[in-house]
Amino acid sequence: MANSPDWSLSPEAVAQYHRDGYLVVPDLLSREEVDAFLSYNEDVFAGRRKTGLTTHLEDETWARTAGHPRIRAALTAFMGGRPMCIQTMMLAKMPEGRGIAIHQDSYYIVTEPETL
């Protein structure tokens, strides 16, 4: 089912997302797709390379993953409209490192209409 071009989430899965605020979608991406993305980004995980907020615009692997048809289909089902990728970012949170404090992106990224 996950490799079908007409893949979609069930109405029950969408309702669960709206009820719980999250949804685990087994096999949204194939094992090969996940492994390829993780392997490609090993240097990010190791803290040797940082990604920016627009990595999906600068890197084909990130663009392909961010725009994956099943990811777009899931987001469309959740949102009830066409998703737009505004940011992509991966942070290597090393045991001794610091993370990003809780914040609201719409404060920093002003959109009209307010869509974040």
- Using a cut-off of 6.0 Å, state whether more than 12 heavy atoms not belonging to R19 lie near its atom CZ. yes
- Quick check: does any side chain N or O of R49 sit under 3.5 Å from a backbone N or O of V44, one acting as donor and the other as acceptor? no
- Please lay out, stage by stage, how Y17 and L9 fare under the test side chain to side chain contact (heavy atoms under 4.5 Å, CB included). CA-CA 10 Å; Y17 169 78; L9 290 173; over 6 Å; no
- Item | Nearest-0.5 Å distance, CZ of residue R70 to OG of residue S30 | 6.5 Å
- Do T51 and W62 have side chains that get closer than 4.5 Å, going by heavy atoms? yes
- Task: Quick one: closest heavy-atom pair of W7 and A74, and the distance?
- Result: CZ3-N, 4.0 Å
- Considering non-hydrogen atoms only, spot the tightest contact between A66 and T88 and give its length. CB-CG2, 4.2 Å
- Could you tell me the separation between the CZ atom of R82 and the CG atom of L75, rounded to the nearest 0.5 Å? 12.0 Å
- Item | Donor-acceptor under 3.5 Å (H18 side chain, F78 main chain) | yes
- Message: Testing the basics here: between L23 and A13, what is the closest heavy-atom pair and its distance to 0.1 Å?
- Response: CD2-O, 3.7 Å
- Can you tell me how far the CZ atom of F37 sits from the CZ atom of R64, to the nearest 0.5 Å? 10.0 Å
- If you measure from NE2 on H56 to OG1 on T65, what distance do you get to the nearest 0.5 Å? 12.5 Å
- Item | Within one Ile-Leu-Val-Met-Phe-Trp-Tyr cluster: M89 and L57, side-chain cutoff 4.5 Å | no
- Message: Using side-chain heavy atoms (C-beta onward) and a distance below 4.5 Å, is I71 in contact with L29?
- Response: yes
